[in-house]
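Reading through the structure tokens given below for one structure.
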Amino acid sequence: MPELPEVETVVRLINKSIKSKTISKLTIINKKLRWPIDPSLSVYTKNKNILEIYRRGKHIVFKLKNGYILIHLGMTGIIRFFKKTSVKKIHKHDHYEIELKNKSILRYNDVRKFGSIHWAENIDGHFLIKNLGVEPLSKKLNVSYLYKIIKNRSVSIKNLIMNQNIIVGVGNIYACESLHISGIKPQRKSSSISTEELKKLISNIKLVLRKAIDSGGTTLKDFKKLDGTPGYFEQELLIYSKKYCRCGESVKNIKLGGRSSFYCDHCQK
DNA sequence: ACTGGATCCTGATCGC
DNA sequence: TGCGATCAGGATCCAG
């Protein structure tokens, strides 16, 4: 489910929803995730104040006084928010929950178990964070930064912009969309991209992500619901999962790095 | 150092 | 209707 805009939306909604800033307890329901959940998380977070909740790449970060909770949603991670009094039943794929002082609860559910939760005393040194690339919506993503990287790379440009060590937050859908709008075929070798094309690509990555955040903000209101299978940005997609391009040409779907890659032979060079 | 492919897991959907 | 194959918005690990 989650690329940068979805994670950003979830973070904003959590910030908006939670009234109490104190964690009363963190309970592990099923520790089997991408990495087994460290039981110490419950100890470190008990009765701690939340100083800040923010996003880094596709990670959700809870900053506490004594360290950080790092949450990744994987493919199918969902965070539900509810009052303790209204919900008690544990659902099949629930993995942990964070209870706040005022009895509201954030509960994590993940069908495919590709998500994760970690404790980090020092976030910058954490193995999931330390090698992350630049935030795409920041000024750090610019032509000179990316040109230095692409000029010596033979990997496809789509896989390159999805590489979290280079740019964070861009996943399969938004990679396809950005390349489509930029008129670039996803399978092109990174080194073959001209500076003109790169300039276009960078500004379109930013554009697509911003638009998706905007629409996520208005349509993802029901993220509390477990069945909140998101359809938010879907209506705005131009190429991902489409049969036909706007130009009328049928859309091609090839595998790159094992992922479906949609493009239009006519509109993308 | 870089690259493509296999891999983790469950459930929905597709084709026969 | 049933059943196996395929696919899913992620990212790590591993061999070459």
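Chain naming here is simple, since letters A, B, ... match the order of the sequence lines and numbering starts at 1 in each.
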Contact list please: residues 140-154 of chain A against DNA chain B, heavy atoms, distance less than 4.0 Å, in numerical order. A:R153, A:S154
By a strict heavy-atom criterion of less than 4.0 Å, which residues belonging to residues 155-172 of chain A are in contact with DNA chain B?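 When residues 155-172 of chain A is checked for heavy atoms under 4.0 Å from DNA chain B, the hits, listed by number, are A:V155.
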Any [X] side-chain nitrogen or oxygen under 4.0 Å from OP1 or OP2 of [N]:
| X | N | answer |
| --- | --- | --- |
| A:K189 | B:dT3 | no |
| A:K255 | C:dA8 | yes |
| A:H93 | B:dG11 | yes |
| A:H72 | C:dA11 | yes |
| A:K113 | C:dG10 | no |
| A:S260 | C:dA8 | yes |

Over 12 foreign heavy atoms within 6.0 Å of [atom1], [X]:
| X | atom1 | result |
| --- | --- | --- |
| A:K65 | NZ | no |
| A:K48 | NZ | yes |
| A:K242 | NZ | yes |
| A:K189 | NZ | no |

Nearest whole angstrom, please: distance from the [atom2] of [N] to the [atom1] of [X].
| X | N | atom1 | atom2 | value |
| --- | --- | --- | --- | --- |
| A:W35 | C:dC13 | CH2 | P | 7 Å |
| A:F262 | C:dA8 | CZ | C1' | 10 Å |
| A:M75 | B:dC8 | CE | C1' | 11 Å |
| A:D94 | B:dT10 | CG | C1' | 15 Å |
| A:N253 | C:dC7 | CG | P | 9 Å |
| A:K243 | B:dC14 | NZ | P | 9 Å |
| A:L33 | B:dC9 | CG | P | 12 Å |
| A:H95 | B:dC9 | NE2 | P | 12 Å |

Mark yes or no for a side-chain to base donor-acceptor pair under 3.5 Å between A:R259 and C:dA8, with no hydrogen or angle criteria applied.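 Answer is no: no donor-acceptor pair is held.
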Pair A:K113, A:N30 - check side-chain hydrogen bond (donor to acceptor under 3.5 Å, both in side chains), show working. CA-CA 10 Å; A:K113 303 178 171 60; A:N30 173 3; over 6 Å; no
Partners of A:E197 by salt bridge (Lys or Arg N to Asp or Glu O under 4.0 Å), sequence neighbours excluded?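 Per chain and number, A:E197 pairs via salt bridge (Lys or Arg N to Asp or Glu O under 4.0 Å) with A:R188.
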Return yes if some donor-acceptor pair links the side-chain N/O of A:Q268 with the main-chain N/O of A:G183 below 3.5 Å, else return no. no
If we take the P atom in both C:dA11 and B:dA1, what is their distance in whole Å?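 Their P atoms lie roughly 22 Å apart.
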On a whole-Å scale, what distance lies between the C1' atoms belonging to C:dT12 and B:dG11? 23 Å
Quickly, which of A:K92, A:H93, A:E97 forms a side chain to side chain contact (heavy atoms under 4.5 Å, CB included) with A:N109? Name it, please. A:H93
For DNA chain C, whose closest nucleotide is more 5', that of A:G257 or that of A:R112?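 That would be A:R112.
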For C:dA5, which nucleotide is its Watson-Crick or G-U wobble mate, given both distances must be under 3.5 Å?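 Pair assignment: C:dA5 / B:dT13.
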I'd like to check A:K16 versus A:V11 (side-chain heavy atoms, cut-off strictly below 4.5 Å). Are they in contact? no
Lys/Arg-Asp/Glu bridge criterion (N-O < 4.0 Å) met for A:D110, A:R34: no
